[in-house]
Amino acid sequence: MITRQYTTAQKRALSQVGNGAGRYDINPPFLALTPAGEPELYLNTLIGLSIRWLDQTALAAFFASYGDDPRQQDLDVIVWLGLENCLYEKELPHRPILSKMRRDYAAKFRGSANNLSRQQMMAMSAQVFTQRKARWEHVLGKESTLLPGERKLFGELMVPGSFTTDEVIERLRNVLATSFHVRFHDGTDDGKRRITPRMADVLSKILYRETRQRDSLLVRNGDSNAPAGKSRVLERGRRVQVQDERDGAYIRGIFGKPLYTDHEMDILNNELCQGDDAYCHLYIAGSRPGEGSESDREVAKVLADMEAQEKKNKAFYEKNALAAASGIRSLAAQLDTILATYASPLPERSVSGRLEAPLAYRLALFQDPMVFTRPGDETEKHIRIDLLLDASASRLRAQEMIAAQTVVLAKSLLSVHVPVRVLAFRSLRGYTVLQCLKGYEEKDTSGIFRYFASGWNRDSLALKTVGRLILSDDPSEEDAHVLFVLTDANPDDSTHIPGEGTHLDEEYEGAAAVRDTADAVHDLRKKKIRTLALYLGSTAHVDNLHLIYGNTDTAVRNLETLSSRVADLLSGALTQADGT
């Protein structure tokens with residue numbers, strides 16, 4: 001199961017939210033972190049209080065109702081200013097310490113506001129900053145100089161603690177509609193002209209992007225169960241338009257239903273599609289193709305091509321069956337020797353050895369002496385291996401060979417009882433699609449023959465995703481993890497890398513793509529995932545190979561050389577400390 005992974009600071013923030021809510025079994029819709037990444041006690045306590053005092057379903061729907069507005073970050077701040085006063089008044093009689101926490105935060109805000117540079121001030125929404133400054137000066141007993149319109153908004157944001165959830169939402173909805181001209185997308189809009197996705201993207205880049213990073217502390221939590229809006233909100237503040245619904249239908253028609261629930265896919269998308277991958281979307285599917293539609297000729301053509309390629313892959317393997325069988329025997333023998341250090345005897349019941357306390361009653365009650373365990377003859381290897389196959393269009397001329405090599409690898413590992421998973425990746429219409437051709441527990445390798453090449457390849461995002469799946473499948477980290485990447489070391493995708501600040505977007509190709517992929521490999525190794533490359537490309541990209549994977553790579557040209565190359569690579573990786 002995919003669950004949200006939190007950093008140490010985020011876990012502390014969650015604890016603060018739980019303290020405010022009076023319970024800890026929650027996935028809050030927001031977390032409050034300082035620009036330095038540290039949890040903010042008062043704001044996190046308020047988030048918890050909102051869970052304690054207000055209807056979360058109604059509140060989540062309200063937050064989602066303006067989720068596609070390019071000013072969402074600023075609107076969130078305004079909404080929380082209104083919630084702050086309401087929640088403070090509701091909770092103060094039960095928690096007097098809240099008064100000191102409020103003043104401490106106000107003093108901290110005032111100190112940070114006085115130290116802002118002109119550039120930081122320009123990056124903020126003046127209207128929002130004025131209201132924040134006025135609120136916290138009011139808490140400290142000081143009065144701000146406000147214009148009539150600003151003073152009216154200030155009064156409206158002092159939402160009374162006596163309000164019910166519906167009354168709170170109605171007040172804040174009116175504030176957003178009147179003072180910020182927000183058009184809500186839940187059927188209760190104000191008739192104002194809607195900002196197009198293109199305009200929203202430009203505005204979010206130029207006007208609002210730095211606000212979250214430099215000043216605003218509240219960030220939307222991608223693991224909440226709030227109704228999804230029409231855009232994803234990233235922790236560092238960037239808003240990204242989700243791909244067109246027709247693109248999603250196209251992907252589903254080809255690859256079938258995703259392996260994970262919509263909620264789990266939302267978690268992965270919010271965590272992984274950030275930074276240089278912020279314009280991307282993830283889709284994880286099984287080996288069986290989608291059903292398509294008779295009316296969608298494009299999808300039907302792709303499905304027919306996939307079926308034809310599967311037949312070609314099988315035919316190639318059968319033609320080279322003798323070489324494949326020889327390779328499996330050879331590689332299995334070498335793997336058995338290499339993996340011996342990762343093997344431990346499985347326990348078996350015995351009349352002597354270590355007493356198993358849960359079975360001790362059987363000795364006196366049933367005169368059963370088999371209540372002890374001792375090391376048995378069978379062994380268990382504490383290692384898992386993933387095979388990640390580049391399935392982009394650059395592999396069109398090598399599809400049969402790649403499928404055959406992967407089957408040999410998988411069968412060799414299965415013969416020595418090592419769990420192996422096979423994933424293929426390619427990018428289509430902004431989606432990086434990972435297709436699971438074989439799971440860890442599956443003995444059948446026939447799904448690997450469904451390997452086919454098409455589209456682009458965003459190696460960095462695919463690597464990050466596989467690493468995330470590996471850690472989710474083994475949260476205890478008891479096993480050694482090895483990731484073999486069958487690659488041509490030429491990452492290339494049509495979806496751009498977002499530009500920083502006022503810089504234009506950058507193509508995902510060449511040095512930039514190699515840099516991103518090398519960073520992804522480095523991060524995997526930091527997480528103790530031994531990442532190795534089997535090079536299946538031309539000599540044109542050998543330099544990329546070494547830049548990305550260092551010395552942990554080898555070239556494989558045919559089935560005959562596969563065994564020795566893989567064995568040498570794996571042996572070297574497992575003897576290195578922590579796989580780094």
Side-chain angles (χ1 to χ4, degrees), residues 1-2 248-262 264-265 268 282-293 299-318 324 328 384-393 395-396 398-414 418-429 431-458 461-463 465-466 468-470 472-473 483-487 534 536:
M1 179 180 177
I2 302 295
Y250 175 81
I251 297 297
R252 184 179 288 264
I254 293 174
F255 297 99
K257 295 180 180 179
L259 283 181
Y260 299 96
T261 66
D262 290 345
E264 289 173 321
M265 287 307 305
L268 291 174
L282 279 171
Y283 197 90
I284 303 176
S287 65
R288 295 191 177 279
E291 297 179 357
S293 168
V299 171
K301 175 66 166 59
V302 174
L303 293 175
D305 290 343
M306 289 168 60
E307 185 177 358
Q309 186 59 50
E310 181 181 356
K311 292 177 180 178
K312 290 180 182 179
N313 292 341
K314 289 180 177 178
F316 180 87
Y317 187 83
E318 291 170 1
I328 292 169
R384 292 189 182 201
I385 291 182
D386 280 80
L387 306 177
L388 179 63
L389 318 180
D390 177 354
S392 64
R395 318 311 298 144
L396 282 170
Q399 294 174 92
E400 297 87 349
M401 175 61 72
I402 292 172
Q405 289 177 330
T406 306
V407 170
V408 169
L409 278 172
K411 287 189 172 183
S412 301
L413 290 163
L414 285 173
V418 173
V420 57
R421 176 170 57 188
V422 180
L423 297 155
F425 75 96
R426 81 274 290 165
S427 295
L428 298 165
R429 299 194 179 190
Y431 282 79
T432 290
V433 181
L434 273 77
Q435 190 178 16
C436 184
L437 303 177
K438 181 197 168 300
Y440 285 131
E441 307 305 324
E442 289 183 73
K443 304 301 182 186
D444 184 8
T445 60
S446 62
I448 298 172
F449 290 118
R450 297 194 181 102
Y451 171 85
F452 75 100
S454 66
W456 306 80
N457 54 306
R458 200 176 192 93
L461 182 54
L463 287 165
T465 305
V466 173
R468 181 67 168 82
L469 297 180
I470 288 172
S472 296
D473 290 329
L483 171 61
F484 280 101
V485 186
L486 279 71
T487 178
L534 296 176
L536 305 171

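Among residues two or more places apart in sequence or in another chain, the side-chain contact (heavy atoms from CB on, under 4.5 Å) test is passed with Arg468 by Ile2, Gln5, Ile267, Leu268, Glu271, Leu272, Ser472. Residues meeting the side chain to side chain donor-acceptor pair (under 3.5 Å) test with Ser427, sequence neighbours left out: Thr432. Every residue two or more places apart in sequence or in another chain that forms a side-chain contact (heavy atoms from CB on, under 4.5 Å) with Ile328 is listed here: Tyr317, Val408, Lys411, Ser412. Residues that satisfy the salt bridge (charged side-chain N to carboxylate O under 4.0 Å, His left out) test with Lys301, not counting sequence neighbours, are Asp305. With sequence neighbours left out, the side chain to side chain donor-acceptor pair (under 3.5 Å) criterion links Glu442 to no other residue. Residues passing the side-chain contact (heavy atoms from CB on, under 4.5 Å) test with Thr261 are His263, Glu264, sequence neighbours excluded. Residues forming a salt bridge (charged side-chain N to carboxylate O under 4.0 Å, His left out) with Lys314 (at least two apart in sequence, or on another chain): Glu310. With sequence neighbours excluded, the residues forming a side-chain contact (heavy atoms from CB on, under 4.5 Å) with Ala398 are Arg395, Ile402, listed by chain and number.
Put simply, the side chain of Phe425 does not reach to within 4.5 Å of the side chain of Leu461, judged on heavy atoms. Inter-residue side-chain proximity for Leu282 and Tyr260 is flagged as unmet; no heavy-atom pair is nearer than 4.5 Å. A heavy-atom distance below 4.5 Å is found between the side chains of Ile284 and Leu469. The shortest distance between side-chain heavy atoms of Arg252 and Lys257 falls below 4.5 Å. Side-chain contact check for Phe484 versus Leu409: every heavy-atom pair is 4.5 Å or farther apart.
Applying the side chain to side chain contact (heavy atoms under 4.5 Å, CB included) test between Leu389 and each of Thr406, Val485, Leu534 identifies Thr406 as the sole match. Of the options Leu387, Thr445, Asp386, a side chain to side chain contact (heavy atoms under 4.5 Å, CB included) to Val420 is made by Leu387 and by none of the others.
Using a cutoff of 4.0 Å between basic side-chain nitrogens and carboxylate oxygens, Arg384 and Asp473 are not scored as salt-bridged.
Interatomic distance, Gln405 CD to Ile448 CD1, rounded to the nearest 0.5 Å: 12.0 Å. The structure places CZ of Phe316 at 9.0 Å from CG of Asn313, a figure rounded to the nearest 0.5 Å. Going from atom CG of Leu434 over to atom CG of Leu259 covers 10.0 Å, rounded to the nearest 0.5 Å. Here OH of Tyr283 is found 8.0 Å from CD1 of Ile251. Values are rounded to the nearest 0.5 Å.
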Less than 3.5 Å apart, which donor and acceptor atoms pair up between the side chains of residues 449-456 and the rest of the protein, not counting sequence neighbours?
unit_1	atom_1	unit_2	atom_2	d
Arg450	NH1	Ser287	OG	3.0
Tyr451	OH	Asp390	O	2.6

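Of all the heavy atoms in Gln399 and Leu396, the pair that sits closest is NE2-O, 3.0 Å.
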